[in-house]
Amino acid sequence: MIAHHLPALQVVVPLLAAPLCVMLRGARAAWLIALGVSWAMFIVAGSLLARVLREGVISYALGSWEPPWGIEYRVDLLNAFVVVLVSLVGALVISYSRESVDHEVRREQHYLFYAAYLLCLAGLLGIAITGDAFNVFVFLEISSLSTYVLIALGRDRRALTASYQYLIMGTIGATFIVIGVGLLYLMTGTLNMHDLAQRLPAVEHTRPVLAALAFLTVGISLKLALFPLHLWLPNAYAFAPSVVTAFLAATATKVAVYLLLRFYFTVFGAPLVLGEMPLPEILLALSLAAMFAMSTVAIFQDDVKRMLAYSSVAQIGYITLGVSTGTAAGLTGTVVHLFNHGITKGSLFLLLGCMAMGMRRITLQHIRGIGRIMPLTTFGVVVGGLSLIGVPLTVGFVSKWYLVLGALERGWWWVAALILASSLLAVVYVWRIVEAAYFKAPGEQVAKLREAPLSMLVPAWVLVVATLYFGVDTRFTAGVAARVAELLLGGFR
Amino acid sequence: MSPAWAIAVPLGGAALIAAAGARPNLRETVTLSTAALLLGVVASLVPEVLAGGHPSAVLAEVFPGIALRLEVEPLGMLFALIASGLWIVNSIYSIGYMRGNREQNQTRFYVCFALALAATMGVAFAGNLLTLFVFYELLTLSTYPLVTHSGKPEAIAGGRTYLGVLIGTSIAFLLLGILWTWQIAGTLEFAWGGILEGRASNAMTGLLLALYMFGIGKAALMPFHRWLPAAMVAPTPVSALLHAVAVVKAGVFSVVKVIVYVFGVDNLAGMHSVDWLPFAAGFTIVMASLVALRSDNLKRRLAYSTVSQLSYVVLAAALLTPISIVGAALHISAHALGKITLFFAAGAIYTAAHKTEVSQLAGIGRRMPWTMGAFAVGALSMIGLPPFAGFLSKWYILQAAMGTGQTVAVAVIVASTLLNAGYFLPIVYSAFFKTGPADEQGHGHGEAPLPILIAQTATAAGTVALFFFPGLFLGLADRLAGG
């Protein structure tokens with residue numbers, strides 16, 4: 001009985017847990033609720049994925065209102081995979097969060113923090129799981145509004161301006177998305193994505209539909225921080241509390257990429273998006289610009305969080321580049337890099353959070369000699385850095401493998417060469433961290449530090465180990481991604 | 001025995017060394033016994049390989065159809081024997097050197113050394129290009145802490161060059177070549193005769209070969225050779241085993257392996273787009289020798305000599321005849337023995353006399369006769385004189401060059417022999433027959449510590465032994481050339 005309602009529970013439970021936190025008000029109680037809900041959501045997501053793998057697409061009519069009139073939750077391989085990523089990161093981040101939040105957020109705000117986190121989780125899971133275009137917008141707003149709050153809770157006062165910047169940009173993005181959805185509704189009279197996909201071919205060359213595609217592309221690109229619409233991201237990541245940065249970096253942009261894939265391949269269909277529109281060329285140009293420009297900017301950052309934030313924008317370039325190739329291998333690269341980059345950046349930002357326990361800002365000057373003082377934390381950062389470069393036996397290598405193959409399959413050998421060349425920029429910024437952490441003498445402040453508590457190290461290292469494990473055993477990650485890519489290109493309508 | 005043990009043993013050794021870090025004597029015992037055990041594992045594979053067998057083991061399936069897989073073939077066997085055998089000698093030497101110079105962080109040093117050997121074994125026994133690439137990169141990463149061991153600014157700068165060139169070339173060129181190969185051949189498994197025959201056009205083959213030859217930066221083909229002199233900031237045992245044997249030989253080993261098992265010798269022989277390779281190798285041989293001639297720093301001179309000698313192997317492989325492939329395989333072992341002896345001697349001089357420049361070595365042969373004797377043996381083998389191993393491999397390469405009518409190759413070999421003599425013999429001469437500055441006559445430094453002497457005498461003896469008893473290596477090389 002309860003198994004049937006899992007798709008709804010996936011969203012409803014964190015949504016209801018948030019007001020519960022506010023009512024209870026206790027910092028510890030709020031944390032415990034968030035912890036329990038997060039792990040429960042991971043279990044739900046895992047069982048949903050298992051069921052999709054076993055039985056195929058799950059369609060769930062919310063409130064038993066049959067689609068296309070009611071809201072349908074539609075779980076297929078693609079969003080089951082994304083839901084697993086989001087809930088896994090959520091569970092680990094919350095397990096880690098207690099000490100870090102104690103340290104970085106004022107105690108009387110803790111219950112608000114966890115409530116906002118639960119809302120954000122519900123929003124992200126909702127975007128991923130719903131099969132209704134307008135419902136996407138609703139969940140997008142839930143996750144965005146709670147994200148603004150979470151970022152603003154950062155201890156640096158600049159967190160407020162960062163949050164405000166993101167609020168403006170995010171609202172513009174959401175507006176574009178709702179305009180796009182509105183145009184689609186205008187032309188087809190339906191909001192159910194599955195239904196939209198059936199009805200669109202009849203009107204797909206009309207101007208409103210093409211305008212809808214354009215609005216959706218720009219709106220979603222803002223949310224996923226596609227260069228040059230990424231301006232909100234570096235400040236948001238740099239000034240948010242460590243826990244929030246890790247959670248957002250691993251999930252928020254990834255869910256937005258999911259949304260792009262969903263609209264492109266399920267709603268509009270690959271032939272229109274990749275065949276008739278000049279979108280592959282545009283995406284390719286912007287992706288390459290992101291990879292090179294943002295990696296170069298990352299090289300010149302002294303603030304490590306900001307450096308990794310720019311690196312994220314560059315890595316999103318790899319993800320969208322896979323879409324632009326329009327090949328099975330390239331899309332496999334996109335989907336697998338969603339997961340791989342999620343766990344890599346998640347681990348990196350969690351480890352930076354460990355360092356943030358002893359210093360207010362994490363700059364290259366501040367982390368001098370930290371390799372000796374916090375060996376486990378620092379070594380984890382090195383592993384994550386190697387994954388960003390794409391060294392074999394890390395997940396980053398797996399992603400690059402498929403992306404380069406995708407470019408070669410398309411005949412873009414020069415793109416293949418550029419993908420690999422851009423990895424070398426990552427070597428430079430990662431090695432700036434390595435040299436500062438290991439070869440400089442520790443300053444007075446660093447010498448007083450101690451290794452982070454196990455409650456933080458263990459969740460962070462789970463992600464570090466995952467970074468290595470899924471770099472060797474790719475049956476789950478690349479296996480699912482390859483099947484998803486096949487479905488996307490087949491236009492699973 | 002499964003070849004996977006050749007990786008598992010040094011990995012396990014590394015863990016034990018780390019665990020025994022607080023007790024130096026136990027730690028060094030672990031290193032030595034791990035090295036001995038590894039040689040045992042490697043040697044146990046020899047009979048099967050000589051009989052034509054290819055012991056193999058699958059480690060993990062990374063991508064559908066591409067596994068991390070080990071497969072022992074003759075060339076890998078030869079390389080693994082050399083590397084694991086010299087690790088024992090080098091470990092004895094390390095003990096003398098590291099303690100004699102009171103180096104810091106010795107546990108990290110021995111741990112990384114064992115990891116580097118595990119990676120080397122992985123390169124040697126790689127069954128396909130992916131496995132080769134994975135262990136090739138691990139070898140770079142595991143040797144980086146050894147290169148930057150001292151932590152001084154010049155070590156960090158050297159480490160940057162080291163990592164920049166090796167990671168840069170391998171990701172930008174080698175990985176691209178591998179992925180391209182997968183794209184057109186549909187397989188990455190090494191197969192005698194090549195996997196590209198009939199699948200790549202003339203021009204494409206030339207381009208792919210360039211990606212491989214320059215992508216394998218460890219072979220130090222100019223202009224991607226700068227990492228090797230940069231790596232000389234490392235403690236001498238690292239320069240000796242890793243930057244005269246394991247790392248650089250992993251480079252030329254990969255070159256030979258790619259030519260024999262990916263392109264196929266016969267396949268390449270029919271292509272004109274690959275004719276540039278002997279010239280590139282010849283250019284490196286001569287230019288590096290000229291730089292060596294002008295270097296006063298002893299280790300730098302040895303490093304450039306290595307750059308030059310590595311291209312002998314590339315040149316030999318590029319001649320594309322069975323006999324030149326035998327020469328390439330033999331030169332891998334001959335140069336390894338000779339060059340490690342030279343580095344051992346250089347380290348001995350540094351430990352006993354704290355001298356690093358060639359110009360300081362006048363008269364040192366009288367105080368350090370064993371060291372300079374070993375140095376002379378290594379130098380003569382580099383020049384290619386009998387009865388030293390270097391003669392043997394040069395003979396084969398020269399024979400192949402004459403047989404194919406490649407006059408340029410012949411000229412390069414002759415010229416470089418003269419240059420070798422030009423930069424090695426004066427060192428030997430001044431060490432034994434000149435007298436040093438008067439003020440130093442009084443300060444008596446004697447020979448280097450005993451472990452150092454044992455190690456360098458052993459490798460010097462090996463250089464001679466390989467000349468008289470090349471049977472095992474020749475047998476393996478013949479198997480390689482004959483399929």
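Nothing here was measured: the structure is a model prediction, and the numbers come from that model. Residue numbers start from 1 in every chain, and the chains themselves are labelled A, B, ... in the order their sequence lines are given, proteins ahead of strands.
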Examine whether an atom of [X] lies under 4.5 Å from a heavy atom of chain A, and if so say whether it belongs to the side chain, the backbone or both; otherwise answer neither.
X	value
B:I66	side chain
B:S170	neither
B:A60	side chain
B:L130	side chain

Would you mind checking which part of [X] comes under 4.5 Å of any heavy atom in chain B, side chain (CB onward), backbone (N, CA, C, O), both or neither?
X	value
A:V398	both
A:A416	both
A:Y438	neither
A:V391	side chain

Which value, rounded to the nearest 0.5 Å, describes the distance between [X] atom [atom1] and [Y] atom [atom2]?
X	Y	atom1	atom2	result
B:E137	A:F397	CD	CZ	8.5 Å
A:I389	B:L163	CD1	CG	7.5 Å
A:E409	B:L179	CD	CG	11.5 Å
A:R372	B:N105	CZ	CG	5.0 Å

TODO: Quick one: which of A:L424, A:I419, A:L418, A:D473 has the most heavy-atom pairs under 4.5 Å with chain B, could you say?
DONE: A:L424
Open item on the list: Under the criterion side-chain contact (heavy atoms from CB on, under 4.5 Å), I'd like the reasoning laid out for B:L141 against A:L386: C-alpha separation, chi angles, the key distance, then a yes or no.
Closed with: CA-CA 10 Å; B:L141 292 174; A:L386 292 177; 4.2 Å; yes
For [X], look at atom [atom1] and say whether over 12 heavy atoms of other residues, nucleotides or ligands are found less than 6.0 Å away.
X	atom1	answer
B:E154	CD	yes
A:F300	CZ	no
A:R54	CZ	yes
B:R226	CZ	no
A:F379	CZ	no
B:W5	CH2	no

Just so I know, are the side chains of [X] and [Y] near enough to count as touching, which here means a heavy-atom distance under 4.5 Å?
X	Y	value
A:R475	B:E61	no
B:W182	A:L408	no
B:L68	A:L393	yes

Task: Option in B:G168, B:A172, B:G151 with maximal non-hydrogen atom pairs under 4.5 Å from chain A - done: B:G168
Task: Option that, when pairs with chain A are counted at under 4.5 Å, heavy atom only, ranks first among B:L175, B:L59, B:I178, B:I184 - done: B:L175
TODO: Please say which of A:S422, A:P392, A:S423 ends up in a side-chain contact (heavy atoms from CB on, under 4.5 Å) with B:I171.
DONE: A:S423
Open item on the list: Ring-plane angle category for B:F63 and A:W401, please: parallel below 30°, perpendicular beyond 60°, tilted otherwise.
Closed with: parallel
Open item on the list: Please evaluate residues A:V404 and B:W180 with respect to the criterion side-chain contact (heavy atoms from CB on, under 4.5 Å), reporting the C-alpha separation (whole Å), side-chain torsions for both, the decisive distance (0.1 Å), and the verdict.
Closed with: CA-CA 9 Å; A:V404 173; B:W180 198 2; over 6 Å; no
